[in-house]
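Comments concern the structure below.
Numbering of residues begins at 1 and proceeds along the displayed sequence. Owing to the predicted nature of the structure, the values given are computational and were not obtained by experimental measurement. Each ligand, and each atom within it, is numbered from 1 in the order the structure gives.
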Amino acid sequence: MTDTSSLLPIQTDVVVIGAGPIGLFSVFELGLYDMKVHLIDILDRVGGQCAELYPEKPIYDIPAVPVCKGAELIDRLMEQIQPFSPTFHLSQMAEKMEKLPDGKWRVTTDRGTVLEASVVVLAAGGGSFVPKKMPLKGIEAYENKSVFYAVRKMDTFKGKHLIVAGGGDSALDWAINLQPIAASVTLIHRRNEFRAAPDSVGKMRGLVSEGRMNLKIANITAVSGENGQLSSVTLKEESGEAYEMPCDSLLGFYGLTMKLGPVADFGMAFEGEFVTVDTSCFETNLPGVFAVGDINTYAGKMKLILSGFHEAALMAKKAFTYVHPDRRYRFQYTTSSSNLHTKLGKDECK
Ligand SMILES: Cc1cc2nc3c(=O)[nH]c(=O)nc-3n(C[C@H](O)[C@H](O)[C@H](O)COP(=O)(O)OP(=O)(O)OC[C@H]3O[C@@H](n4cnc5c(N)ncnc54)[C@H](O)[C@@H]3O)c2cc1C
């Protein structure tokens with residue numbers, strides 16, 4: 001499962017936009033019927049809302065799973081789709097979708113990855129997660145030069161005196177991962193309690209006690225520098241004490257908001273912010289383009305994970321007719337089909 005940024009079009013059967021729970025389960029349903037999938041997600045990890053908004057909260061309404069946390073559900077889905085070896089293009093936003101003369105679809109990301117497929121599945125949920133900007137005067141002048149809200153290339157921070165701001169998983173993961181290559185890493189959070197996974201908090205505190213990372217409990221109140229290059233930030237502690245801290249780069253992880261984004265211009269019919277679909281197969285008004293999960297709307301729609309799973313199964317049945325027009329779709333149970341057992345790597349069940 002690799003991330004491949006490329007200027008040459010990548011040919012595949014299906015492009016899934018969005019690696020939330022429904023995008024991931026779509027890989028399973030498509031895989032059962034021999035359809036290869038590439039997924040795109042703007043986030044640097046899979047899991048959509050479950051991973052970003054409630055990884056530690058229990059979910060009680062997944063059929064036959066009485067309770068499981070958001071992050072656990074995503075881990076299980078990743079295990080379930082592993083036999084189908086999907087390719088992930090993470091930290092990339094699907095920006096453009098166009099129809100090719102041969103009837104296929106071309107999807108281009110903001111990082112220049114171009115994918116061509118017979119079928120596109122929109123599993124874009126409430127839209128793309130967009131980082132909240134740091135509310136600091138004049139910050140725009142530094143953004144994408146020395147102030148960033150995501151890590152696209154770790155090398156950007158090589159040898160830098162880096163400040164990482166935030167207390168969640170992204171802030172701690174990146175502070176820990178960049179520590180070996182940055183000249184110095186200072187983690188800044190407004191309080192001495194962290195929302196990140198306990199394991200990451202433990203690792204961070206270990207690095208701090210070994211003197212390999214700095215931790216400041218403070219708010220950033222100002223940035224200074226020249227021509228987009230930061231030279232310092234001003235910190236204010238709860239006691240009211242304020243001081244400047246020199247730095248070269250600042251990574252801010254202040255949470256995410258959701259915006260429909262470029263998907264709105266892909267040409268599908270919308271009702272409000274949601275894509276309308278034919279509920280027999282979850283196809284949109286564009287032939288070969290489907291919408292499953294929170295992004296779609298229809299009479300009686302419930303924004304639940306189990307609804308999205310059902311939608312993915314019906315979607316795959318119709319997608320098959322585009323990807324394998326020369327073959328007949330044959331309904332099979334996973335319990336009893338030896339053909340499906342082989343695909344799932346469960347030949348011992350035969
Ligand atoms: C706090 C909370 C608790 C919840 N509890 C439950 C529950 O108990 N049971 C239940 O069934 N449901 C629950 N839900 C709802 C459930 O999480 C959603 O129904 C589910 O996540 C929808 O999955 P999805 O894959 O359709 O979309 P999402 O999970 O939103 O994933 C969509 C993905 O698409 C990506 N994306 C969007 N646009 C683009 C683009 N242009 N390019 C690249 N990537 C893009 C996004 O970054 C995102 O990762 C809860 C939701 C919240 C917020």
Side-chain angles (χ1 to χ4, degrees), residues 3 5 15-29 37-74 77-78 81 86-97 105 107-115 120-131 149-150 152 170 195 255-268 270 273-275 277 282 289-298 301-312 315:
D3 175 4
S5 298
V15 173
V16 174
I17 300 174
I22 313 309
L24 295 178
F25 192 65
S26 296
V27 172
F28 183 82
E29 290 295 329
V37 179
H38 281 239
L39 297 102
I40 305 169
D41 204 298
I42 191 165
L43 297 177
D44 61 6
R45 65 189 83 197
V46 301
Q49 294 175 47
C50 300
E52 279 308 314
L53 302 181
Y54 58 102
E56 291 298 313
K57 281 207 176 114
I59 309 174
Y60 299 102
D61 56 354
I62 304 297
V65 181
V67 59
C68 99
K69 290 183 181 167
E72 201 183 335
L73 179 77
I74 298 306
L77 284 167
M78 288 297 280
I81 66 174
T87 305
F88 290 93
H89 305 269
L90 299 178
S91 303
Q92 303 194 40
M93 181 190 281
E95 209 169 42
K96 204 163 125 197
M97 186 179 80
W105 294 96
V107 178
T108 308
T109 75
D110 60 347
R111 278 176 68 185
T113 304
V114 183
L115 297 135
V120 173
V121 177
L122 273 172
S128 36
F129 284 100
V130 182
Y149 299 105
R152 292 287 169 100
S170 297
R195 292 186 318 280
L256 300 160
T257 52
M258 287 178 95
K259 278 194 187 151
L260 188 55
V263 167
D265 303 319
F266 284 4
M268 292 87 54
F270 274 81
E273 296 256 277
F274 303 102
V275 180
V277 283
F282 298 93
V289 178
F290 297 78
V292 290
D294 278 11
I295 189 80
N296 72 19
T297 187
Y298 50 89
K301 168 76 181 180
M302 287 175 90
K303 284 196 200 175
L304 285 176
I305 294 164
L306 70 87
S307 318
F309 288 171
H310 157 80
E311 294 163 14
M315 170 279 292

For Q92 and ligand 1, answer yes if some heavy atom of the residue is under 4.0 Å from a ligand atom, otherwise no.
yes

Who's the nearest protein heavy-atom neighbour of atom 18 (C) of ligand 1, and how far?
D294 OD2, 3.3 Å

Under 4.0 Å from one or more heavy atoms of P21, ligand 1 contributes atoms 20 (C), 21 (O), 23 (O), 25 (O), 29 (O)

Identify, for atom 9 (N) of ligand 1, the protein heavy atom at the shortest distance, and state residue, atom and that distance.
D61 OD1, 2.9 Å

What residue and atom, counting heavy atoms only, is the protein's closest point to atom 39 (C) of ligand 1, and at what distance?
S128 CB, 3.7 Å

Would you mind running through ligand 1 and noting each atom that sits below 4.0 Å from a heavy atom of G126?
30 (O)

Select one of side chain, backbone, both or neither to describe which atoms of I295 lie under 4.0 Å from any atom of ligand 1, heavy atoms only.
neither

Considering the heavy atoms of A124, write down every atom of ligand 1 situated less than 4.0 Å from one of them.
32 (C), 34 (O), 37 (C), 38 (N)

Select one of side chain, backbone, both or neither to describe which atoms of A123 lie under 4.0 Å from any atom of ligand 1, heavy atoms only.
backbone

Of all the atoms in ligand 1, which lie at a distance below 4.0 Å from a heavy atom belonging to G125?
26 (O), 27 (O), 28 (P), 30 (O), 32 (C)

Note: ligand 1 atoms sitting under 4.0 Å from heavy atoms of V263 are 41 (N)

Does the side chain of E95 come within less than 4.5 Å of T108's, by heavy atoms?
no

Of all the atoms in ligand 1, which lie at a distance below 4.0 Å from a heavy atom belonging to L43?
47 (O), 49 (O)

Hey, is E52 one of the residues with a heavy atom under 4.0 angstrom from ligand 1?
no

For residues S26 and V292, determine if any side-chain heavy atom of one lies less than 4.5 Å from a side-chain heavy atom of the other.
yes

Of the backbone atoms (N, CA, C, O) and the side-chain heavy atoms from C-beta on, which set of I305 has a member under 4.0 Å from an atom of ligand 1: side chain, backbone, both, or neither?
both

Output for pair (Q92 CD, I17 CD1), nearest 0.5 Å, gives 12.0 Å

For Y54, is there any backbone N or O sitting under 3.5 Å from a side-chain donor or acceptor partner on K69?
no

Ligand 1 N/O within reach of I22 N/O, cut-off under 3.5 Å
yes

Look at atom 51 (C) of ligand 1 and say which protein heavy atom is nearest, naming residue and atom and giving the distance to 0.1 Å.
Y54 CE2, 3.4 Å

Under the side-chain contact (heavy atoms from CB on, under 4.5 Å) test against P86, which residue among V16, L24, L39, V46 passes?
L39

Does G308 come within less than 4.0 Å of ligand 1, judged by its heavy atoms?
no

Test item: V277 and M268 side chains (from C-beta on) under 4.5 Å apart, heavy atoms
no

Identify the protein heavy atom lying closest to atom 42 (N) of ligand 1, giving its residue, its atom name and the separation to 0.1 Å.
A94 N, 2.9 Å

Would you please name every residue forming a ring-ring contact (aromatic ring centres under 6.0 Å, His included) with F309, sequence neighbours left out?
F25

Please identify which atoms of ligand 1 are closer than 4.0 Å to at least one heavy atom of L53.
53 (C)

For atom 48 (C) of ligand 1, which protein heavy atom lies nearest, and how many Å away is it?
D41 OD2, 3.4 Å

Less than 4.5 Å apart, side chain to side chain, heavy atoms only: is that true for M258 and Q49?
yes

H310 vs F282 side-chain heavy atoms within contact, under 4.5 Å:
yes

N or O pair under 3.5 Å between G18 and ligand 1:
no

Looking only at distances, please establish whether an N/O atom of ligand 1 is found under 3.5 Å from an N/O atom of K57.
no

Heavy-atom side-chain proximity of N296 to F274 below 4.5 angstrom
no

Which of the atoms in ligand 1, numbered in the order shown and given with their element, are less than 4.0 Å from a heavy-atom of G293?
26 (O)

Do the non-hydrogen side-chain atoms of V121 and V37 ever get within less than 4.5 Å of each other?
no

Among all protein heavy atoms in this structure, tell me which lies nearest to atom 8 (O) of ligand 1, with the distance rounded to 0.1 Å.
I59 CG2, 3.5 Å

Short N or O distance, I42 and ligand 1, threshold 3.5 Å exclusive
yes

Selected option - heavy-atom contact closest to atom 28 (P) of ligand 1, from M93, K96, Q49:
Q49

Going from CG on L90 to OG1 on T109, what distance comes out if it is rounded to the nearest 0.5 angstrom?
11.5 Å

Strictly under 4.0 Å, does any heavy atom of G261 approach an atom of ligand 1?
no

